[in-house]
Amino acid sequence: MLLSGLKAFKRTFLNKVSRLSEKDATTDATASSTSTSEAPPLPPSTGFIDQISTRHVQGWTIAPKNPALRLNVEAFLPETGEKLGHGRADQFHYGLSGIGDGSRRYGFWFHLTREITPAERETLRVRVPGQGDLARSPNLSSWQPLLHVAMDIVDNCNLRCPFCLYDYSAVRRTHVMTRDTLEAALRLLPYTKDGEFWFSCLHEPSLHPEFASFLDAIPPAFRKKVFFTTNLARRMPETYFRTLAQSGIDHINISMESRTPELYERMRKGARFPIFMQNWDRLLAAFRDAESTVALRYVIMAYKSNLHELPELSRYLLSEGRAAQVEIRYTYDVPFIDAAFRQQEFLEEAEWDWLQANLPVAEPGQILLARPPAPQNPVPANTQTETEAEAEAEAEAEAEAEAEAETTSASALPIKPEETPQTVKEPEPRFIPGHYLAQLSWDGTLELKGISQASAGAALIEVPVVTKNIRDIPDIDSFLYDLDCKSIQTSEAS
């Protein structure tokens with residue numbers, strides 16, 4: 001349940017966005033090079049405008065024939081020639097992959113010199129001076145700074161799966177989100193892209209007694225932004241499944257590992273296979289009767305016990321389970337997973353290879369295989385003899401003892417008033433404007449993270465930006481815009 005909810009931190013955060021940008025990167029914007037007596041013309045550029053609000057523009061551009069350059073850009077109104085701001089395309093752009101020097105540092109984000117009208121927004125252009133205008137992205141948005149909102153309307157689950165990433169050992173009761181907190185949270189919807197507002201991330205949303213009415217509370221215009229993950233293991237009434245079928249949300253993730261009763265119940269501890277199957281049958285029937293547009297996606301954890309079932313299970317879900325997508329993935333190896341389970345069930349590299357070779361052929365994106373990442377900087381084999389290791393350990397112990405003695409003697413010296421240590425304020429984290437990851441708990445606690453400006457290439461570094469209760473934010477638009485301004489000010493100050 002939890003693992004399926006957290007897939008976006010990797011797949012949603014990189015794969016979905018970077019696929020679009022890679023496609024964009026192959027299309028050149030119209031360019032008209034001009035030369036001056038002062039300098040040779042710049043190489044033709046390509047890029048896209050990703051966002052235009054009434055207060056800022058954001059996008060990327062690159063000179064393909066000279067990717068080491070970082071180009072200047074400016075915004076203007078073609079009717080009057082009024083220039084409304086400028087910037088430099090040298091910021092990290094999380095969506096770019098595989099172009100230029102690989103650093104992804106071809107993004108720009110800058111304030112407009114004044115707030116423009118909606119009509120002016122429709123005609124505003126951005127160009128590299130001396131060249132043609134940059135094209136508008138096919139997915140151009142006015143302003144959607146939230147990459148995703150990972151929300152939970154409860155803080156518990158009805159199951160205790162042995163591979164769960166969340167430690168439920170101390171959980172004794174279920175807290176639920178109130179209606180006023182939900183209404184405050186739904187104000188984030190306009191700032192999130194389709195399919196990126198998670199009604200459940202860590203826990204089982206159907207535990208909330210008002211879950212169905214919470215879905216009904218989503219404004220129809222924003223329902224394609226919403227999805228949730230469920231284990232489908234609680235006995236629910238017929239009306240529940242009709243509500244899901246008619247909800248108009250983007251998709252539903254269904255967690256399961258097997259169609260074999262004994263194995264299903266061992267992996268989904270606390271579940272009963274007959275209840276799951278009854279719920280599944282009712283769900284499929286409701287979706288068929290309503291001709292539902294809500295996509296069904298299945299998330300399956302791969303283990304030694306279900307390994308050889310997975311190819312056929314994938315075929316079945318695509319043909320009989322209305323599956324828009326089947327994701328088979330590895331387990332995040334958190335410390336509290338039982339060591340015996342880890343040893344008995346985690347797949348070896350050769351088993352992942354077998355699975356990859358035996359999955360059915362499907363349309364692109366229908367079957368996703370998330371293998372465990374390759375170990376970073378693997379530790380070389382220890383070639384020391386036992387005697388050498390003991391000698392090295394003794395030397396390290398002596399060095400530590402000497403260092404400790406020096407520290408003790410230094411700290412024993414009297415400190416003069418003028419030498420009193422001063423508290424050093426930590427520098428503000430430098431983060432990219434306009435790109436935030438939001439996590440929202442049942443009680444309204446909103447944690448926003450940004451993408452560090454130190455990010456480069458595949459190294460996406462998250463930094464905490466702010467923690468605040470969603471109910472204490474009177475104006476979401478101003479709140480998010482102020483964060484962007486803070487990012488710009490922090491960058492300029494440094």
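Keep in mind that what you see is a predicted model, and the values were worked out from it rather than measured. The first residue of the sequence shown is numbered 1, and numbering continues consecutively from there.
Below 30°, between 30° and 60°, or above 60°: for Tyr166 and Tyr168 the angle between ring planes is between 30° and 60°, a tilted geometry. Relative ring orientation between His93 and Trp60 is described as perpendicular, the plane-to-plane angle rising above 60° on a 0-90° scale split at 30° and 60°.
A 4.5 Å side-chain heavy-atom check between Trp352 and Leu347 finds at least one atom pair inside the cut-off. Between Val326 and Leu318, some side-chain heavy-atom pair lies under the 4.5 Å cut-off. In this structure the side chain of Asn139 never reaches within 4.5 angstrom of the side chain of Phe48, judged on heavy atoms. Looking at Ile451 and Phe92, their side chains come closer than 4.5 Å, going by heavy atoms from C-beta outward. Within the 4.5 Å cutoff, the side chain of Phe228 has heavy atoms near those of the Leu244 side chain. Using a 4.5 Å heavy-atom cutoff, the side chains of Phe431 and Gln453 are not in contact. Taking 4.5 Å as the limit, some side-chain heavy atom of Val294 sits within range of a side-chain heavy atom of Ile252. Residues Thr230 and Leu232 form a side-chain contact, since some pair of their non-hydrogen atoms from C-beta on lies under 4.5 Å apart.
A salt bridge does not link Arg105 to Asp90: none of the charged nitrogens lies less than 4.0 Å from a carboxylate oxygen. Salt-bridge annotation for Arg259 and Glu312: absent, with no side-chain N of the basic residue lying under 4.0 Å from a carboxylate O of the acidic one. Using a 4.0 Å cut-off between charged side-chain N and carboxylate O, Asp194 and Arg223 make no salt bridge.
Using a distance-only test at 3.5 Å, with no hydrogens or angles considered, no donor-acceptor pair links the side chain of His148 to the main chain of Ala150. Under a 3.5 Å cut-off, the side chain of Asn306 and the backbone N or O of Glu309 do not form any donor-acceptor pair. Of the possible donor and acceptor atoms, one in the side chain of Ser455 sits under 3.5 Å from a partner among the backbone N and O of Ser452. For the pair Glu257 (side chain) and Met301 (backbone), a donor-acceptor distance under 3.5 Å is present. Side-chain N or O atoms of Arg187 include one that pairs as donor or acceptor with a backbone N or O of Ile473 at under 3.5 Å. A donor-acceptor contact shorter than 3.5 Å is absent between the side chain of His435 and the backbone of Pro145. Between the Arg172 side chain and the Ser169 main chain, a donor and an acceptor come within less than 3.5 Å of each other. Between the Arg104 side chain and the Leu96 main chain, a donor and an acceptor come within less than 3.5 Å of each other. In this structure a side-chain-to-backbone donor-acceptor pair under 3.5 Å is missing from Ser441 to Asp443. Put simply, the side chain of Thr260 never gets that close to the backbone of Glu262: no donor and acceptor are under 3.5 Å apart.
Once rounded to the nearest 0.5 Å, the distance linking CG of Leu159 with CZ of Arg234 reads 10.0 Å. Rounding to the nearest 0.5 Å places CD1 of Ile52 at 7.0 Å from CD1 of Ile116. Atoms CD and OG1, from Gln246 and Thr239 in turn, are 10.5 Å apart once rounded to the nearest 0.5 Å. Put simply, CZ on Arg268 and CZ on Phe273 are 13.0 Å apart, with the number rounded to the nearest 0.5 Å. To the nearest 0.5 Å, atoms CD1 (Ile249) and OG (Ser292) are separated by 8.5 Å. To the nearest 0.5 Å, atom CG of residue Asp289 and atom CZ of residue Phe241 are 13.5 Å apart.
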side-chain contact (heavy atoms from CB on, under 4.5 Å) between Leu124 and Val57, worked out: CA-CA 10 Å; Leu124 186 79; Val57 294; 3.5 Å; yes
Stepwise side-chain contact (heavy atoms from CB on, under 4.5 Å) test for Ile300 and Leu313: CA-CA 10 Å; Ile300 303 169; Leu313 179 57; 3.7 Å; yes
Derivation of the side-chain contact (heavy atoms from CB on, under 4.5 Å) call for Glu265 and Arg272: CA-CA 6 Å; Glu265 292 185 0; Arg272 296 294 176 262; 4.1 Å; yes
Residues Met151, Gln439; criterion side-chain contact (heavy atoms from CB on, under 4.5 Å); working and verdict: CA-CA 6 Å; Met151 183 175 77; Gln439 185 161 356; over 6 Å; no
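Every residue meeting the side-chain contact (heavy atoms from CB on, under 4.5 Å) condition with Thr117, not counting sequence neighbours, appears here in chain and number order: Ala119, Glu120. The ring pair (Phe, Tyr, Trp, His ring centres under 6.0 Å) check on Tyr191 picks up Trp143, with sequence neighbours excluded. In this structure Gln91 satisfies the side-chain contact (heavy atoms from CB on, under 4.5 Å) test together with Trp109, Ile432, Pro433, sequence neighbours excluded. Looking at residues two or more places apart in sequence or on another chain, you find no ring pair (Phe, Tyr, Trp, His ring centres under 6.0 Å) involving Tyr240.
Between the side chains of Asn231 and Glu204, a donor-acceptor pair is found at a separation under 3.5 Å. Counting only N and O atoms by type, the side chains of Ser213 and Arg179 include a donor and acceptor under 3.5 Å apart. Side-chain contact check for Asp155 and His175: at least one donor-acceptor pair (N or O, by modelled atom type) lies under 3.5 Å. Side chains of Thr178 and Thr181: a donor-acceptor N/O pair is present below 3.5 angstrom, by distance only. Under 3.5 Å, the side chains of Tyr481 and Asp475 contain no donor-acceptor pair of N or O atoms.
Nearest heavy atom pair, residue Ile62 against residue Pro67, reads CD1-CB, 4.2 Å. The two residues Leu207 and Asn158 make their nearest non-hydrogen contact at CD1-N, 3.8 Å.
Outside the 6.0 Å centre-distance limit, the rings of Phe222 and Phe197 are not counted as a close aromatic pair. Residues Trp354 and His308 bring their aromatic ring centres within 6.0 Å. In summary, the aromatic rings of Phe214 and Phe199 are positioned with their centroids too far apart to meet the 6.0 Å limit. For Phe108 and Tyr106, the distance between ring centers is not under 6.0 angstrom.
Tested against His56 for a side chain to side chain donor-acceptor pair (under 3.5 Å), the candidates Glu115, Gln51, His111 yield a single pass: Gln51.
Applying the side-chain hydrogen bond (donor to acceptor under 3.5 Å, both in side chains) test to pairs two or more places apart or on separate chains, those with a residue in residues 273-283 are Arg235-Gln278, Glu238-Arg282, Trp280-Tyr298.
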Identify every side-chain donor-acceptor pair in residues 337-346 under 3.5 Å, counting partners at least two apart or on other chains, and give the distances.
residue: Asp338; atom: OD2; partner: Ala340; partner atom: N; Å: 3.0
residue: Asp338; atom: OD2; partner: Phe341; partner atom: N; Å: 3.3
residue: Arg342; atom: NE; partner: Asp333; partner atom: OD1; Å: 2.6
residue: Arg342; atom: NE; partner: Asp333; partner atom: OD2; Å: 3.4
residue: Arg342; atom: NH2; partner: Asp333; partner atom: OD1; Å: 3.1
residue: Arg342; atom: NH2; partner: Val334; partner atom: O; Å: 3.2
residue: Arg342; atom: NH2; partner: Ile337; partner atom: O; Å: 3.2
residue: Glu345; atom: OE1; partner: Lys304; partner atom: N; Å: 3.3
residue: Glu345; atom: OE1; partner: Ser305; partner atom: N; Å: 3.0
residue: Glu345; atom: OE1; partner: Ser305; partner atom: OG; Å: 3.0
residue: Glu345; atom: OE2; partner: Arg266; partner atom: NH1; Å: 3.2
residue: Glu345; atom: OE2; partner: Ser305; partner atom: OG; Å: 2.5

